[in-house]
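First up is the structure itself, then whatever we jot down about it.
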Protein chains: 2
Amino acid sequence: MFMHSPEAPQRAIFDRSGLSDPADRSSLGSEARTLSSIVKGQKQICYSPKSIIFHEGDDSDSIYQLASGMVCLYRFLPNGRRLIARFLVAQDIVGLSFDEECPFTAECVEPTTVYKIARSQVRTLCAHSPALQNEVAMLLKTELTTERNDILPMMHLLAEGRVARLLLILARRGGANCNSGDRIQISMTRGDIADFIGLTTETVCRSFAKLRKAGLISAVSPDKVLIKNLPGLIAIAEGE
Amino acid sequence: MFMHSPEAPQRAIFDRSGLSDPADRSSLGSEARTLSSIVKGQKQICYSPKSIIFHEGDDSDSIYQLASGMVCLYRFLPNGRRLIARFLVAQDIVGLSFDEECPFTAECVEPTTVYKIARSQVRTLCAHSPALQNEVAMLLKTELTTERNDILPMMHLLAEGRVARLLLILARRGGANCNSGDRIQISMTRGDIADFIGLTTETVCRSFAKLRKAGLISAVSPDKVLIKNLPGLIAIAEGE
DNA sequence: CGTCGGTTTGAGAGCCTTCAATTCTCGTGG
DNA sequence: CCACGAGAATTGAAGGCTCTCAAACCGACG
(Lines give C-alpha, C1' and ligand atoms only; values in the text may rest on other atoms or scores of the structure.)
Protein backbone atom coordinates (compact mmCIF):
# COMPACT_ATOMS: atom_id res chain seq x y z
CA MET A 1 0.00 0.00 0.00
CA PHE A 2 2.85 2.34 0.60
CA MET A 3 4.75 1.94 -2.64
CA HIS A 4 2.42 3.26 -5.28
CA SER A 5 3.47 6.70 -6.38
CA PRO A 6 1.09 9.59 -5.79
CA GLU A 7 2.93 11.53 -8.45
CA ALA A 8 1.76 9.29 -11.24
CA PRO A 9 1.30 11.07 -14.56
CA GLN A 10 -2.13 12.43 -15.34
CA ARG A 11 -2.90 9.61 -17.70
CA ALA A 12 -2.53 7.12 -14.92
CA ILE A 13 -5.03 9.05 -12.84
CA PHE A 14 -7.44 9.03 -15.72
CA ASP A 15 -6.93 5.35 -16.33
CA ARG A 16 -7.92 4.55 -12.78
CA SER A 17 -11.12 6.47 -13.25
CA GLY A 18 -14.19 4.83 -11.91
CA LEU A 19 -16.44 7.64 -12.96
CA SER A 20 -15.76 8.76 -16.50
CA ASP A 21 -17.03 6.76 -19.41
CA PRO A 22 -14.04 5.21 -21.18
CA ALA A 23 -15.90 5.23 -24.47
CA ASP A 24 -16.03 9.01 -24.36
CA ARG A 25 -12.36 9.44 -23.73
CA SER A 26 -11.47 9.68 -27.41
CA SER A 27 -13.91 12.48 -28.09
CA LEU A 28 -12.17 14.97 -25.83
CA GLY A 29 -10.44 16.62 -28.76
CA SER A 30 -8.17 19.62 -28.54
CA GLU A 31 -10.25 21.59 -26.10
CA ALA A 32 -9.61 19.01 -23.43
CA ARG A 33 -7.32 20.69 -20.94
CA THR A 34 -5.80 19.20 -17.88
CA LEU A 35 -5.20 21.18 -14.74
CA SER A 36 -1.50 20.69 -15.38
CA SER A 37 -1.70 22.29 -18.78
CA ILE A 38 -3.67 25.21 -17.38
CA VAL A 39 -1.15 25.63 -14.63
CA LYS A 40 1.75 25.82 -17.05
CA GLY A 41 0.55 29.17 -18.29
CA GLN A 42 0.57 30.75 -14.84
CA LYS A 43 3.54 32.45 -13.36
CA GLN A 44 5.21 30.98 -10.31
CA ILE A 45 5.04 32.64 -6.92
CA CYS A 46 7.94 32.16 -4.52
CA TYR A 47 7.70 31.95 -0.77
CA SER A 48 10.35 31.70 1.90
CA PRO A 49 10.10 29.36 4.89
CA LYS A 50 7.43 30.28 7.46
CA SER A 51 5.63 32.59 5.07
CA ILE A 52 1.90 32.15 4.72
CA ILE A 53 0.22 31.42 1.41
CA PHE A 54 -3.29 31.81 2.80
CA HIS A 55 -4.88 32.04 6.22
CA GLU A 56 -7.67 30.03 7.73
CA GLY A 57 -10.84 32.01 7.15
CA ASP A 58 -9.58 33.78 4.04
CA ASP A 59 -11.85 33.78 1.03
CA SER A 60 -11.01 30.66 -0.90
CA ASP A 61 -10.78 32.35 -4.27
CA SER A 62 -7.80 30.46 -5.66
CA ILE A 63 -6.37 27.02 -5.86
CA TYR A 64 -2.65 26.31 -5.82
CA GLN A 65 -0.30 23.72 -7.19
CA LEU A 66 3.13 23.34 -5.67
CA ALA A 67 6.00 23.50 -8.13
CA SER A 68 8.60 22.87 -5.45
CA GLY A 69 9.13 23.00 -1.71
CA MET A 70 6.85 21.95 1.11
CA VAL A 71 3.80 23.50 2.71
CA CYS A 72 1.79 22.46 5.74
CA LEU A 73 -1.93 23.00 6.17
CA TYR A 74 -2.93 23.65 9.75
CA ARG A 75 -5.62 24.94 12.02
CA PHE A 76 -5.80 25.61 15.73
CA LEU A 77 -8.10 23.70 18.01
CA PRO A 78 -10.02 25.69 20.63
CA ASN A 79 -7.64 24.35 23.27
CA GLY A 80 -4.74 26.06 21.53
CA ARG A 81 -3.15 22.96 20.12
CA ARG A 82 -2.23 23.12 16.45
CA LEU A 83 -3.54 20.44 14.12
CA ILE A 84 -1.61 19.89 10.90
CA ALA A 85 -3.89 18.27 8.39
CA ARG A 86 -1.49 17.65 5.55
CA PHE A 87 1.95 18.32 4.14
CA LEU A 88 1.99 19.34 0.51
CA VAL A 89 4.89 18.57 -1.80
CA ALA A 90 5.67 19.31 -5.44
CA GLN A 91 2.74 18.59 -7.78
CA ASP A 92 0.20 18.60 -4.96
CA ILE A 93 -2.89 20.71 -5.49
CA VAL A 94 -4.69 22.43 -2.67
CA GLY A 95 -8.02 24.20 -2.57
CA LEU A 96 -10.20 22.07 -4.81
CA SER A 97 -12.14 20.79 -1.84
CA PHE A 98 -12.53 24.14 -0.08
CA ASP A 99 -15.80 25.98 0.34
CA GLU A 100 -16.08 29.75 0.52
CA GLU A 101 -13.53 30.01 3.28
CA CYS A 102 -10.16 28.35 3.58
CA PRO A 103 -10.48 25.77 6.35
CA PHE A 104 -6.72 25.89 6.98
CA THR A 105 -3.71 28.12 7.02
CA ALA A 106 -1.05 27.19 4.47
CA GLU A 107 2.45 27.85 5.76
CA CYS A 108 5.69 27.06 3.98
CA VAL A 109 8.04 24.61 5.65
CA GLU A 110 10.87 25.30 3.23
CA PRO A 111 11.42 27.63 0.25
CA THR A 112 8.43 27.00 -1.96
CA THR A 113 7.15 27.97 -5.37
CA VAL A 114 3.52 27.62 -6.34
CA TYR A 115 1.24 28.15 -9.30
CA LYS A 116 -1.89 30.08 -8.43
CA ILE A 117 -5.12 29.63 -10.35
CA ALA A 118 -8.29 31.63 -9.80
CA ARG A 119 -11.14 29.44 -8.67
CA SER A 120 -13.44 31.25 -11.04
CA GLN A 121 -11.24 30.16 -13.91
CA VAL A 122 -11.37 26.55 -12.82
CA ARG A 123 -15.14 26.82 -12.49
CA THR A 124 -15.54 28.24 -15.95
CA LEU A 125 -13.23 25.75 -17.59
CA CYS A 126 -14.85 22.88 -15.75
CA ALA A 127 -18.28 23.92 -16.94
CA HIS A 128 -17.06 23.68 -20.53
CA SER A 129 -14.85 20.64 -20.25
CA PRO A 130 -16.18 17.35 -18.98
CA ALA A 131 -12.64 16.02 -19.07
CA LEU A 132 -11.43 18.72 -16.74
CA GLN A 133 -14.37 18.26 -14.43
CA ASN A 134 -13.63 14.58 -14.41
CA GLU A 135 -10.04 15.30 -13.53
CA VAL A 136 -11.18 17.38 -10.59
CA ALA A 137 -13.35 14.52 -9.41
CA MET A 138 -10.36 12.20 -9.75
CA LEU A 139 -8.20 14.52 -7.70
CA LEU A 140 -10.81 14.65 -4.97
CA LYS A 141 -10.98 10.87 -5.08
CA THR A 142 -7.23 10.62 -4.77
CA GLU A 143 -7.31 12.97 -1.81
CA LEU A 144 -9.92 10.82 -0.11
CA THR A 145 -7.93 7.67 -0.81
CA THR A 146 -4.80 9.20 0.64
CA GLU A 147 -6.69 10.32 3.72
CA ARG A 148 -8.12 6.82 4.08
CA ASN A 149 -4.86 4.93 3.60
CA ASP A 150 -2.28 7.25 5.14
CA ILE A 151 -3.93 9.33 7.83
CA LEU A 152 -6.89 7.44 9.19
CA PRO A 153 -4.90 4.44 10.47
CA MET A 154 -2.69 6.79 12.48
CA MET A 155 -5.39 7.09 15.12
CA HIS A 156 -5.13 3.37 15.84
CA LEU A 157 -1.36 3.21 16.19
CA LEU A 158 1.06 3.82 19.03
CA ALA A 159 3.64 6.57 18.77
CA GLU A 160 6.30 4.44 17.12
CA GLY A 161 3.90 3.24 14.46
CA ARG A 162 2.73 6.75 13.68
CA VAL A 163 6.27 7.99 13.19
CA ALA A 164 7.15 4.96 11.07
CA ARG A 165 4.11 5.60 8.95
CA LEU A 166 5.05 9.23 8.45
CA LEU A 167 8.56 8.21 7.43
CA LEU A 168 7.15 5.85 4.83
CA ILE A 169 4.88 8.54 3.48
CA LEU A 170 7.86 10.86 3.15
CA ALA A 171 9.96 8.09 1.60
CA ARG A 172 7.31 7.31 -0.97
CA ARG A 173 6.93 10.96 -1.89
CA GLY A 174 10.60 11.81 -1.90
CA GLY A 175 12.41 8.96 -3.58
CA ALA A 176 11.06 7.09 -6.53
CA ASN A 177 12.44 3.70 -5.54
CA CYS A 178 11.96 3.19 -1.87
CA ASN A 179 14.20 0.46 -0.50
CA SER A 180 16.31 -0.28 2.49
CA GLY A 181 19.28 2.04 2.20
CA ASP A 182 17.34 4.96 0.78
CA ARG A 183 17.60 8.33 2.44
CA ILE A 184 14.56 10.22 3.67
CA GLN A 185 14.56 14.00 3.77
CA ILE A 186 12.58 15.33 6.74
CA SER A 187 12.01 19.00 6.10
CA MET A 188 9.52 19.70 8.86
CA THR A 189 10.38 20.07 12.54
CA ARG A 190 9.65 17.51 15.24
CA GLY A 191 6.96 19.86 16.46
CA ASP A 192 5.34 19.86 13.02
CA ILE A 193 5.40 16.09 12.99
CA ALA A 194 3.87 16.01 16.45
CA ASP A 195 1.04 18.31 15.43
CA PHE A 196 0.43 16.13 12.40
CA ILE A 197 0.26 12.73 14.07
CA GLY A 198 -1.27 13.89 17.34
CA LEU A 199 1.66 13.54 19.74
CA THR A 200 4.14 15.83 21.47
CA THR A 201 7.57 16.86 20.25
CA GLU A 202 9.22 14.77 22.95
CA THR A 203 7.30 11.62 22.11
CA VAL A 204 8.19 12.03 18.45
CA CYS A 205 11.87 12.29 19.41
CA ARG A 206 11.68 9.23 21.60
CA SER A 207 9.99 7.31 18.82
CA PHE A 208 12.79 8.22 16.43
CA ALA A 209 15.24 6.99 19.05
CA LYS A 210 13.39 3.69 19.43
CA LEU A 211 13.33 3.11 15.68
CA ARG A 212 17.04 3.86 15.59
CA LYS A 213 17.83 1.50 18.46
CA ALA A 214 15.74 -1.19 16.82
CA GLY A 215 17.96 -0.86 13.75
CA LEU A 216 15.12 0.11 11.44
CA ILE A 217 16.54 3.51 10.57
CA SER A 218 19.77 5.39 11.16
CA ALA A 219 20.10 9.11 11.60
CA VAL A 220 22.35 11.09 9.30
CA SER A 221 21.22 14.37 10.85
CA PRO A 222 17.98 15.42 12.51
CA ASP A 223 16.45 16.01 9.10
CA LYS A 224 17.90 13.06 7.20
CA VAL A 225 17.44 9.40 8.04
CA LEU A 226 18.39 6.22 6.25
CA ILE A 227 16.06 3.26 5.99
CA LYS A 228 17.94 0.24 7.28
CA ASN A 229 15.11 -2.27 7.32
CA LEU A 230 12.14 -1.43 5.17
CA PRO A 231 10.02 -4.51 5.90
CA GLY A 232 10.52 -3.94 9.60
CA LEU A 233 9.54 -0.31 9.28
CA ILE A 234 6.41 -1.24 7.35
CA ALA A 235 5.51 -3.79 10.00
CA ILE A 236 5.74 -1.16 12.73
CA ALA A 237 3.79 1.31 10.61
CA GLU A 238 0.97 -1.17 10.32
CA GLY A 239 0.82 -1.99 14.01
CA GLU A 240 3.42 -4.78 14.54
CA MET B 1 -19.12 23.68 13.54
CA PHE B 2 -21.20 20.79 14.73
CA MET B 3 -24.60 22.08 14.04
CA HIS B 4 -24.81 22.34 10.29
CA SER B 5 -26.84 19.52 8.86
CA PRO B 6 -25.16 17.08 6.47
CA GLU B 7 -28.58 16.03 5.27
CA ALA B 8 -29.27 19.33 3.55
CA PRO B 9 -31.39 19.02 0.42
CA GLN B 10 -29.61 18.60 -2.88
CA ARG B 11 -30.14 22.18 -3.84
CA ALA B 12 -28.21 23.33 -0.83
CA ILE B 13 -25.31 21.16 -1.85
CA PHE B 14 -25.37 22.69 -5.28
CA ASP B 15 -25.58 26.16 -3.88
CA ARG B 16 -22.42 25.63 -1.91
CA SER B 17 -20.63 24.60 -5.05
CA GLY B 18 -17.23 26.08 -5.53
CA LEU B 19 -16.64 24.34 -8.78
CA SER B 20 -19.62 24.57 -11.08
CA ASP B 21 -20.30 27.74 -12.97
CA PRO B 22 -23.44 29.32 -11.55
CA ALA B 23 -24.20 30.89 -14.91
CA ASP B 24 -24.58 27.47 -16.42
CA ARG B 25 -26.98 26.23 -13.78
CA SER B 26 -30.06 27.31 -15.68
CA SER B 27 -29.12 25.42 -18.81
CA LEU B 28 -29.37 22.03 -17.19
CA GLY B 29 -32.82 21.45 -18.64
CA SER B 30 -34.87 18.33 -18.19
CA GLU B 31 -32.06 15.87 -18.78
CA ALA B 32 -30.37 17.08 -15.64
CA ARG B 33 -30.67 14.22 -13.22
CA THR B 34 -29.55 14.14 -9.66
CA LEU B 35 -28.28 11.02 -8.02
CA SER B 36 -31.36 11.14 -5.82
CA SER B 37 -33.68 11.05 -8.79
CA ILE B 38 -31.77 8.17 -10.32
CA VAL B 39 -31.91 6.30 -7.06
CA LYS B 40 -35.65 6.64 -6.79
CA GLY B 41 -36.12 4.27 -9.69
CA GLN B 42 -34.12 1.50 -8.08
CA LYS B 43 -35.60 -1.13 -5.85
CA GLN B 44 -34.63 -1.23 -2.21
CA ILE B 45 -32.56 -4.05 -0.80
CA CYS B 46 -33.05 -5.00 2.83
CA TYR B 47 -30.37 -6.28 5.18
CA SER B 48 -30.54 -7.52 8.73
CA PRO B 49 -28.04 -6.54 11.44
CA LYS B 50 -24.54 -7.98 10.96
CA SER B 51 -25.14 -8.82 7.34
CA ILE B 52 -22.53 -7.72 4.85
CA ILE B 53 -23.35 -5.48 1.91
CA PHE B 54 -19.91 -5.83 0.36
CA HIS B 55 -16.52 -7.16 1.43
CA GLU B 56 -13.16 -5.48 1.38
CA GLY B 57 -11.51 -6.56 -1.85
CA ASP B 58 -14.75 -7.13 -3.73
CA ASP B 59 -15.05 -5.60 -7.17
CA SER B 60 -16.44 -2.16 -6.63
CA ASP B 61 -19.09 -2.39 -9.31
CA SER B 62 -21.88 -0.59 -7.52
CA ILE B 63 -22.53 2.39 -5.35
CA TYR B 64 -25.16 2.44 -2.61
CA GLN B 65 -27.37 4.97 -0.93
CA LEU B 66 -28.85 4.17 2.45
CA ALA B 67 -32.60 4.54 2.67
CA SER B 68 -32.68 3.66 6.36
CA GLY B 69 -30.64 1.97 9.05
CA MET B 70 -26.96 2.16 9.81
CA VAL B 71 -23.89 0.61 8.22
CA CYS B 72 -20.27 0.66 9.27
CA LEU B 73 -17.31 0.58 6.91
CA TYR B 74 -14.35 -1.27 8.30
CA ARG B 75 -11.09 -2.92 7.48
CA PHE B 76 -8.62 -4.97 9.50
CA LEU B 77 -5.12 -3.78 10.21
CA PRO B 78 -2.30 -6.29 9.87
CA ASN B 79 -2.12 -6.50 13.66
CA GLY B 80 -5.67 -7.83 13.77
CA ARG B 81 -7.27 -4.67 15.08
CA ARG B 82 -10.37 -3.52 13.28
CA LEU B 83 -10.52 0.02 11.98
CA ILE B 84 -13.96 1.48 11.39
CA ALA B 85 -13.68 4.31 8.91
CA ARG B 86 -17.22 5.59 8.91
CA PHE B 87 -20.78 5.02 9.99
CA LEU B 88 -23.34 5.52 7.26
CA VAL B 89 -26.87 6.69 7.98
CA ALA B 90 -29.95 7.35 5.85
CA GLN B 91 -29.18 9.37 2.70
CA ASP B 92 -25.46 8.64 2.86
CA ILE B 93 -23.87 7.41 -0.34
CA VAL B 94 -20.96 5.02 -0.38
CA GLY B 95 -18.71 3.91 -3.21
CA LEU B 96 -18.24 7.06 -5.23
CA SER B 97 -14.65 7.34 -4.08
CA PHE B 98 -13.75 3.68 -4.52
CA ASP B 99 -11.34 2.37 -7.12
CA GLU B 100 -11.61 -1.08 -8.68
CA GLU B 101 -11.73 -2.80 -5.32
CA CYS B 102 -13.76 -1.95 -2.27
CA PRO B 103 -11.33 -0.67 0.33
CA PHE B 104 -13.71 -1.61 3.16
CA THR B 105 -16.26 -4.11 4.27
CA ALA B 106 -19.73 -2.66 4.73
CA GLU B 107 -21.59 -4.31 7.59
CA CYS B 108 -25.02 -3.41 8.87
CA VAL B 109 -25.29 -2.22 12.45
CA GLU B 110 -29.08 -2.33 12.47
CA PRO B 111 -31.78 -3.35 9.97
CA THR B 112 -30.93 -1.43 6.86
CA THR B 113 -32.37 -0.77 3.42
CA VAL B 114 -30.26 0.49 0.56
CA TYR B 115 -30.57 1.53 -3.04
CA LYS B 116 -28.01 -0.07 -5.30
CA ILE B 117 -26.79 1.59 -8.47
CA ALA B 118 -24.40 0.05 -10.97
CA ARG B 119 -21.22 2.04 -11.24
CA SER B 120 -21.33 1.70 -15.00
CA GLN B 121 -24.67 3.48 -14.97
CA VAL B 122 -23.28 6.34 -12.93
CA ARG B 123 -20.32 6.54 -15.29
CA THR B 124 -22.52 6.70 -18.35
CA LEU B 125 -24.92 9.23 -16.92
CA CYS B 126 -22.04 11.37 -15.67
CA ALA B 127 -20.47 11.41 -19.10
CA HIS B 128 -23.68 12.86 -20.52
CA SER B 129 -24.64 15.15 -17.68
CA PRO B 130 -22.31 17.85 -16.44
CA ALA B 131 -24.78 18.55 -13.65
CA LEU B 132 -24.58 14.98 -12.41
CA GLN B 133 -20.83 14.96 -12.67
CA ASN B 134 -20.79 18.16 -10.71
CA GLU B 135 -22.99 16.61 -8.07
CA VAL B 136 -20.55 13.73 -7.75
CA ALA B 137 -17.73 16.19 -7.28
CA MET B 138 -19.78 17.97 -4.61
CA LEU B 139 -20.43 14.72 -2.80
CA LEU B 140 -16.72 13.92 -2.79
CA LYS B 141 -16.07 17.42 -1.50
CA THR B 142 -18.60 16.93 1.28
CA GLU B 143 -16.99 13.65 2.21
CA LEU B 144 -13.60 15.33 2.46
CA THR B 145 -15.04 18.16 4.53
CA THR B 146 -16.65 15.71 6.92
CA GLU B 147 -13.43 13.78 7.24
CA ARG B 148 -11.57 17.02 7.91
CA ASN B 149 -13.99 18.41 10.47
CA ASP B 150 -15.26 15.33 12.25
CA ILE B 151 -12.62 12.63 12.08
CA LEU B 152 -9.23 14.26 11.76
CA PRO B 153 -9.40 16.14 15.07
CA MET B 154 -10.08 12.87 16.90
CA MET B 155 -6.40 11.97 16.69
CA HIS B 156 -5.56 15.01 18.81
CA LEU B 157 -8.08 14.42 21.58
CA LEU B 158 -8.11 12.34 24.74
CA ALA B 159 -10.63 9.56 25.18
CA GLU B 160 -13.34 11.74 26.70
CA GLY B 161 -13.09 14.26 23.88
CA ARG B 162 -13.30 11.59 21.22
CA VAL B 163 -16.43 10.10 22.74
CA ALA B 164 -17.99 13.54 23.16
CA ARG B 165 -17.21 14.29 19.54
CA LEU B 166 -18.82 11.06 18.39
CA LEU B 167 -21.93 11.82 20.44
CA LEU B 168 -22.21 15.22 18.79
CA ILE B 169 -21.83 13.67 15.36
CA LEU B 170 -24.63 11.25 16.17
CA ALA B 171 -26.75 14.03 17.65
CA ARG B 172 -26.32 16.17 14.57
CA ARG B 173 -27.24 13.30 12.29
CA GLY B 174 -30.10 11.98 14.34
CA GLY B 175 -32.08 14.96 15.50
CA ALA B 176 -32.67 18.07 13.47
CA ASN B 177 -32.53 20.48 16.39
CA CYS B 178 -29.73 19.55 18.68
CA ASN B 179 -30.05 21.12 22.09
CA SER B 180 -29.54 20.25 25.69
CA GLY B 181 -32.30 17.79 26.53
CA ASP B 182 -32.23 16.02 23.19
CA ARG B 183 -31.86 12.28 23.08
CA ILE B 184 -29.13 10.56 21.14
CA GLN B 185 -29.66 7.10 19.72
CA ILE B 186 -26.48 5.04 19.81
CA SER B 187 -27.05 2.05 17.58
CA MET B 188 -23.51 0.70 17.42
CA THR B 189 -21.81 -1.23 20.21
CA ARG B 190 -19.11 0.12 22.51
CA GLY B 191 -16.67 -2.04 20.59
CA ASP B 192 -17.72 -0.43 17.32
CA ILE B 193 -17.19 3.00 18.83
CA ALA B 194 -13.78 1.93 20.10
CA ASP B 195 -12.72 0.70 16.67
CA PHE B 196 -13.91 3.97 15.19
CA ILE B 197 -12.16 6.40 17.49
CA GLY B 198 -9.07 4.31 18.15
CA LEU B 199 -9.65 3.20 21.74
CA THR B 200 -10.71 0.05 23.57
CA THR B 201 -14.20 -0.94 24.64
CA GLU B 202 -13.33 -0.38 28.28
CA THR B 203 -11.95 3.11 27.74
CA VAL B 204 -15.07 4.05 25.79
CA CYS B 205 -17.19 2.85 28.71
CA ARG B 206 -15.17 4.78 31.21
CA SER B 207 -15.41 7.89 29.07
CA PHE B 208 -19.18 7.58 29.00
CA ALA B 209 -19.08 7.27 32.77
CA LYS B 210 -16.95 10.38 33.12
CA LEU B 211 -19.25 12.41 30.88
CA ARG B 212 -22.16 11.16 32.97
CA LYS B 213 -20.51 12.04 36.27
CA ALA B 214 -19.61 15.47 34.89
CA GLY B 215 -23.31 16.04 34.26
CA LEU B 216 -22.87 16.53 30.52
CA ILE B 217 -25.04 13.59 29.56
CA SER B 218 -27.33 11.15 31.31
CA ALA B 219 -27.86 7.55 30.34
CA VAL B 220 -31.35 6.30 29.55
CA SER B 221 -29.99 2.92 28.49
CA PRO B 222 -26.68 1.83 27.01
CA ASP B 223 -27.88 2.88 23.58
CA LYS B 224 -29.74 6.06 24.49
CA VAL B 225 -28.28 9.11 26.19
CA LEU B 226 -29.63 12.56 26.91
CA ILE B 227 -27.63 15.70 26.38
CA LYS B 228 -27.69 17.62 29.65
CA ASN B 229 -25.18 20.32 28.82
CA LEU B 230 -24.52 20.89 25.15
CA PRO B 231 -21.97 23.71 25.45
CA GLY B 232 -20.02 21.64 27.94
CA LEU B 233 -20.10 18.64 25.66
CA ILE B 234 -18.89 20.74 22.74
CA ALA B 235 -16.09 22.14 24.85
CA ILE B 236 -14.89 18.64 25.72
CA ALA B 237 -15.23 17.55 22.10
CA GLU B 238 -12.94 20.35 21.05
CA GLY B 239 -10.30 19.65 23.64
CA GLU B 240 -11.39 21.70 26.70
C1' DC C 1 -34.53 -20.15 33.95
C1' DG C 2 -30.17 -20.34 31.75
C1' DT C 3 -27.30 -18.72 28.13
C1' DC C 4 -24.99 -15.46 25.46
C1' DG C 5 -23.45 -11.05 23.86
C1' DG C 6 -22.73 -6.68 25.33
C1' DT C 7 -21.70 -3.39 29.14
C1' DT C 8 -19.54 -1.89 33.20
C1' DT C 9 -16.11 -1.67 36.82
C1' DG C 10 -11.49 -2.80 39.08
C1' DA C 11 -6.39 -3.41 39.41
C1' DG C 12 -1.89 -3.30 37.58
C1' DA C 13 1.30 -2.46 33.78
C1' DG C 14 2.76 0.26 29.99
C1' DC C 15 2.51 4.43 27.15
C1' DC C 16 2.33 9.33 26.62
C1' DT C 17 2.55 14.04 28.47
C1' DT C 18 4.44 17.58 31.17
C1' DC C 19 8.12 20.08 32.95
C1' DA C 20 12.92 20.71 33.12
C1' DA C 21 17.57 20.48 31.73
C1' DT C 22 21.03 19.44 28.34
C1' DT C 23 22.90 18.88 23.82
C1' DC C 24 22.99 19.71 19.02
C1' DT C 25 22.72 22.36 14.72
C1' DC C 26 23.48 25.97 11.87
C1' DG C 27 23.57 30.73 10.43
C1' DT C 28 25.79 34.96 11.77
C1' DG C 29 29.31 38.00 12.90
C1' DG C 30 33.91 38.72 14.36
C1' DC D 1 38.27 30.25 10.12
C1' DC D 2 36.26 30.19 14.50
C1' DA D 3 33.18 31.69 18.27
C1' DC D 4 28.60 32.74 19.45
C1' DG D 5 23.64 32.50 19.99
C1' DA D 6 18.94 31.18 18.90
C1' DG D 7 16.11 27.65 17.81
C1' DA D 8 15.56 22.82 17.49
C1' DA D 9 16.38 18.25 19.14
C1' DT D 10 17.16 15.16 22.71
C1' DT D 11 17.06 13.05 27.24
C1' DG D 12 15.34 12.43 32.14
C1' DA D 13 11.85 12.02 35.84
C1' DA D 14 7.27 12.17 37.58
C1' DG D 15 2.49 11.90 36.94
C1' DG D 16 -1.73 11.03 34.24
C1' DC D 17 -4.07 8.38 30.75
C1' DT D 18 -4.99 4.13 28.32
C1' DC D 19 -4.52 -0.80 27.69
C1' DT D 20 -4.75 -5.48 29.28
C1' DC D 21 -6.62 -8.92 31.95
C1' DA D 22 -10.29 -10.25 34.93
C1' DA D 23 -14.63 -10.33 37.01
C1' DA D 24 -19.28 -8.87 37.72
C1' DC D 25 -23.52 -7.07 35.78
C1' DC D 26 -27.36 -6.59 32.57
C1' DG D 27 -30.88 -7.60 29.15
C1' DA D 28 -32.73 -10.16 25.26
C1' DC D 29 -34.01 -14.54 23.83
C1' DG D 30 -34.79 -19.34 23.54
Side-chain angles (χ1 to χ4, degrees), chain A residues 48-50 72 77 79-82 107 109-111 154-164 166-167 184-214 217-225 236 239-240, chain B residues 48-50 72 77 79-84 107-111 154-164 166-167 185-214 217-225 236 239-240:
Chain A
S48 47
K50 309 214 180 196
C72 69
L77 299 181
N79 63 4
R81 281 187 60 84
R82 184 179 62 152
E107 177 177 320
V109 168
E110 51 182 26
M154 292 273 190
M155 197 158 54
H156 300 258
L157 296 177
L158 300 181
E160 223 174 313
R162 297 189 194 186
V163 172
L166 173 69
L167 286 176
I184 304 175
Q185 173 67 41
I186 305 169
S187 304
M188 65 289 279
T189 69
R190 298 292 188 265
D192 290 338
I193 295 176
D195 291 343
F196 179 57
I197 62 184
L199 300 169
T200 61
T201 300
E202 296 91 330
T203 302
V204 171
C205 270
R206 282 186 253 267
S207 299
F208 269 101
K210 277 193 206 169
L211 293 175
R212 220 182 307 121
K213 280 173 211 153
I217 62 174
S218 73
V220 176
S221 71
D223 68 339
K224 288 182 192 58
V225 304
I236 298 281
E240 283 132 300
Chain B
S48 47
K50 309 214 177 196
C72 69
L77 299 180
N79 62 6
R81 280 186 61 83
R82 183 180 63 151
L83 178 159
I84 293 185
E107 178 178 319
C108 297
V109 169
E110 49 183 27
M154 292 272 188
M155 196 158 54
H156 299 258
L157 297 177
L158 300 181
E160 224 176 312
R162 297 190 194 186
V163 171
L166 173 70
L167 287 177
Q185 172 68 38
I186 305 170
S187 304
M188 66 287 279
T189 69
R190 298 292 188 264
D192 290 337
I193 296 175
D195 291 344
F196 179 57
I197 62 185
L199 300 169
T200 60
T201 299
E202 296 90 330
T203 301
V204 171
C205 272
R206 282 185 255 267
S207 298
F208 269 100
K210 278 192 205 170
L211 294 175
R212 221 182 307 122
K213 278 173 213 154
I217 61 173
S218 71
V220 176
S221 70
D223 68 339
K224 288 182 192 58
V225 304
I236 298 279
E240 280 131 306

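The sequence lines fix the lettering, A, B, ..., with proteins before strands; numbering per chain opens at 1. Note that the structure is a prediction, hence the values are computed from the model and not measured.
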Mind checking which nucleotides bracket the chain A contacts on DNA chain D, 5' to 3', with an atom under 4.0 Å from a heavy atom? D/dA8 to D/dA13
Could you tell me, to 10°, how much the axis swings from one end of the helix from C/dC1-D/dG30 to C/dG30-D/dC1 to the other, five pairs per end? 30°
Taking the side chain as every heavy atom from C-beta outward, state whether A/Ile217 and A/Ile184 have any pair of such atoms under 4.5 Å apart. no
Stepwise side chain to side chain contact (heavy atoms under 4.5 Å, CB included) check, B/Val225 with B/Leu211: CA-CA 11 Å; B/Val225 304; B/Leu211 294 175; over 6 Å; no
Throw together a table of side-chain donor-acceptor distances under 3.5 angstrom for residues 195-203 of chain A, partners on residues two or more places apart or in other chains.
| unit_1 | atom_1 | unit_2 | atom_2 | d |
| --- | --- | --- | --- | --- |
| A/Asp195 | OD2 | A/Arg82 | NE | 2.8 |
| A/Asp195 | OD2 | A/Arg82 | NH2 | 3.0 |
| A/Thr200 | OG1 | A/Thr203 | N | 3.3 |
| A/Thr200 | OG1 | A/Thr203 | OG1 | 3.0 |

Between A/Asp223 and A/Ser221, what is the shortest heavy-atom contact and its length? OD1-OG, 2.6 Å
Which value, rounded to the nearest 0.5 Å, describes the distance between B/Lys224 atom NZ and B/Ser187 atom OG? 8.5 Å
Kindly indicate, with the supporting measurements, whether the criterion side chain to side chain contact (heavy atoms under 4.5 Å, CB included) is fulfilled by A/Met188 and A/Ile186. CA-CA 6 Å; A/Met188 65 289 279; A/Ile186 305 169; 3.6 Å; yes
Could you give the distance from CG (A/Leu158) to CG (B/Asn79), rounded to the nearest 0.5 Å? 9.0 Å
Taking for each residue the nucleotide of DNA chain C bearing the nearest heavy atom, is the 5' side occupied by A/Thr200 or by A/Ser221? A/Thr200
Minimal heavy-atom distance between B/Ser207 and B/Ala159, with the atoms involved, is OG-CB, 3.4 Å
Shortest non-hydrogen pair, A/Ser218 vs A/Arg212, comes out as CA-CG, 4.1 Å
What are the bounds, 5' to 3', of the part of DNA chain C that sits under 4.0 Å from heavy atoms of chain B? C/dG6 to C/dA11
A/Pro222 backbone acceptor or donor facing A/Arg190 side chain under 3.5 Å: yes
Those residues that, when tested against B/Glu240, pass side-chain hydrogen bond (donor to acceptor under 3.5 Å, both in side chains) (two or more places apart): none
Heavy-atom closest pair, residues A/Arg162 and A/Met154: NE-O, 3.0 Å
Scan residues 201-213 of chain B against DNA chain D and write down, sorted by residue number, each residue with any heavy atom closer than 4.0 Å; if none is found, say none. B/Glu202, B/Thr203, B/Arg206
